[in-house]
Amino acid sequence: MENYLANLGVLICVYSILAITLNFIMGYAGIFSLAHAVFFGFGAYTGGFIALNYTSSMFVTLPAAMVVSAVLSLLLAIPTLRVRGEYFVAASLGLQILAVTLFTEWKGFTGGIGGLVGIPPVSLFGTEIFRPTSFVIVTIVALIVTIGIFHLLVHSNFGRSLRAIRDSESAAAAFGKNVPVIKTVSLAISAALAGMVGALYASYLAFINVESFMLDTSVLIMAMVIIGGTGTQLGPIVGAIVLLSLPSAITYLNFLPQSEIGAIQQIIYGAGMTLLMLFRPGGIVGSGGK
């Protein structure tokens, strides 16, 4: 039971970080992306590849994953941040589809459809961290650091510029804001920290394949942000807790047919999001968490 709760804690921390990083560009910059799982995936594959072939030191795998994901974000940002709204969503969807193909076919880096197997545990000062009860502490620290970074960014001049761009790009540009650069930097920061937690995720599972980084993962992360509260600091964490705890809670309802648990979960997700949009469009946290 202890390991089960620790495992759930690790996953909640991992997805909370992913939701926070997506919320940064979605809630504060108005950039709606369906490719967040791409940055998560490239960070995971980078960390796993380095750990398998070179070193599993946290001081190598995490920075490398952050750099790769940040650079990759520029491939999306530079050609597409000049467009708005649904055009960027379409571009990010195209990147997501392309990335799934790369993850499946680039066998030298990703292991192909079989993925990377036997990834060593992440090490800190030469000590391997592999027990769920130990790893949950690492992810909690990572979550706290992520919260701190984005709290500082949101309440800085950069954060105010992001909100100005979200509210009106034309007005922000008229006041001298370099809109493309600000949006590109925000996307790179978001992608870098998504890549960082991807490397942690890979070392924790010791195995990753393309199934963890497909479109449904990007949609799940976006759902966490929307359900918790877009543009709030606490909302993404609340959304991650709700969407990850709910499946576990449902499995304890013995009167439900176990073979239909997956379908029941999807029905609850859909109904929950619909009710939220109708009665609390700001999410569970709403404007009170800003």
Side-chain angles (χ1 to χ4, degrees), residues 3-22 35-52 55-70 72-73 96 99-100 102-103 109-111 114-124 128-147 190-222 224-225 236-237 239-241 243-245 247-248:
N3 283 343
Y4 170 78
L5 292 175
N7 180 67
L8 181 60
V10 169
L11 293 179
I12 287 175
C13 288
V14 166
Y15 277 90
S16 292
I17 293 172
L18 289 171
I20 290 169
T21 54
L22 178 60
H36 214 56
V38 174
F39 310 127
F40 178 44
F42 268 99
Y45 280 116
T46 300
F49 181 84
I50 292 175
L52 279 169
T55 175
S56 62
S57 172
M58 186 182 298
F59 299 111
V60 177
T61 58
L62 300 195
M66 293 174 71
V67 169
V68 168
S69 294
L72 179 68
S73 75
Q96 174 67 59
V100 169
L102 281 174
F103 293 158
F109 180 63
T110 68
L116 298 180
V117 182
I119 299 171
V122 68
S123 64
L124 180 63
E128 291 187 338
I129 303 171
F130 58 90
R131 296 181 183 277
T133 49
S134 301
F135 207 92
V136 72
I137 297 173
V138 173
T139 53
I140 288 172
V141 171
L143 176 58
I144 292 171
V145 171
T146 301
I147 292 171
S190 173
L193 288 169
M196 177 273 295
V197 78
L200 285 177
Y201 180 76
S203 69
Y204 175 66
L205 292 184
F207 163 76
I208 51 170
N209 69 357
V210 67
E211 295 295 329
S212 298
F213 314 113
M214 300 181 75
L215 178 61
D216 57 349
T217 301
S218 289
V219 172
L220 174 62
I221 299 168
M222 182 175 286
M224 290 173 177
V225 176
I237 301 173
I241 292 172
L243 290 187
L244 291 177
S245 300
S248 301

Treating Ser56 as the side-chain partner and Pro121 as the backbone partner, does any N or O pair qualify as donor plus acceptor under 3.5 Å?
yes
Would you say Thr146 and Met196 make side-chain contact, with heavy atoms under 4.5 Å?
yes
Interatomic distance, Ser16 atom OG to Ile221 atom CD1 [nearest 0.5 angstrom]:
11.0 Å
Least distance between heavy atoms, Pro120 atom then Ala51 atom:
CG-O, 3.4 Å
So, does Thr217 use its side chain to make a donor-acceptor pair with the main chain of Ser212 at under 3.5 Å?
yes
Within a strict 4.5 Å, meaning less than it, do heavy atoms of the Val138 and Leu124 side chains meet?
no
Please work out whether the ring planes of Phe109 and Phe49 are parallel, tilted or perpendicular, with thresholds of 30° and 60°.
tilted
Please find the pair of heavy atoms, one from Gly114 and one from Val117, that lie closest to each other, and give the distance.
O-CG2, 4.2 Å
Residues that Phe59 engages under ring-ring contact (aromatic ring centres under 6.0 Å, His included), provided they are two or more places apart
Phe125
Quick check: closest heavy atoms across Pro63 and Met58, and the distance to 0.1 Å?
CD-O, 3.5 Å
Shortest non-hydrogen contact between Ala199 and Ala65, atoms and distance
CB-CB, 3.8 Å
Could you measure the distance from the CD1 atom of Ile50 to the CG atom of Leu62? Nearest 0.5 Å is fine.
9.5 Å
side-chain contact (heavy atoms from CB on, under 4.5 Å) partner of Leu143, chosen from Ile20, Val14, Val197
Ile20
Can you sort out the partners of Val219 under side-chain contact (heavy atoms from CB on, under 4.5 Å), two or more places apart, ordered by chain and number?
Leu34, Leu215
When rounded to the nearest 0.5 Å, the distance separating CE of Met214 from CG of Leu220 is 14.0 Å
In the structure I gave you, are the side-chain heavy atoms of Thr110 and Leu102 within less than 4.5 Å of one another anywhere?
no
Using side chain to side chain donor-acceptor pair (under 3.5 Å) as the criterion, list what pairs up with Asn7, not counting sequence neighbours.
Tyr204
Looking at CG of Leu18 and CZ of Phe39, how far apart are the two atoms once the value is rounded to the nearest 0.5 Å?
12.0 Å
Using the test side chain to side chain donor-acceptor pair (under 3.5 Å), find all partners of Thr21 that sit at least two apart in sequence or belong to another chain.
His36
Scanning both residues in full, the closest heavy-atom pair of Ser69 with Gly195 reads OG-CA, 3.3 Å
Ile12 vs Ser245 side-chain heavy atoms within contact, under 4.5 Å:
yes
Could you check whether any side-chain heavy atom of Phe135 comes within less than 4.5 Å of a side-chain heavy atom of Ser203, counting everything from C-beta outward?
yes
Do Val122 and Glu128 have side chains that approach each other closer than 4.5 Å (heavy atoms only, starting at C-beta)?
no
State, yes or no, whether a side-chain contact exists between Ile129 and Ser123 at a heavy-atom distance under 4.5 Å.
no
The ring-ring contact (aromatic ring centres under 6.0 Å, His included) partners of Tyr15 (sequence neighbours excluded) come to none
On the 0 to 90° scale, with breaks at 30° and 60°, tag the Phe213-Tyr201 ring pair as parallel, tilted or perpendicular.
perpendicular
Across all chains, not counting sequence neighbours, the side chain to side chain donor-acceptor pair (under 3.5 Å) partners of Thr46 are none
Smallest heavy-atom separation, Ile140 atom then Cys13 atom, equals CG1-SG, 3.7 Å
State, with a plain yes or no, whether a side-chain heavy atom of Ile119 is found less than 4.5 Å away from one of Leu205.
no
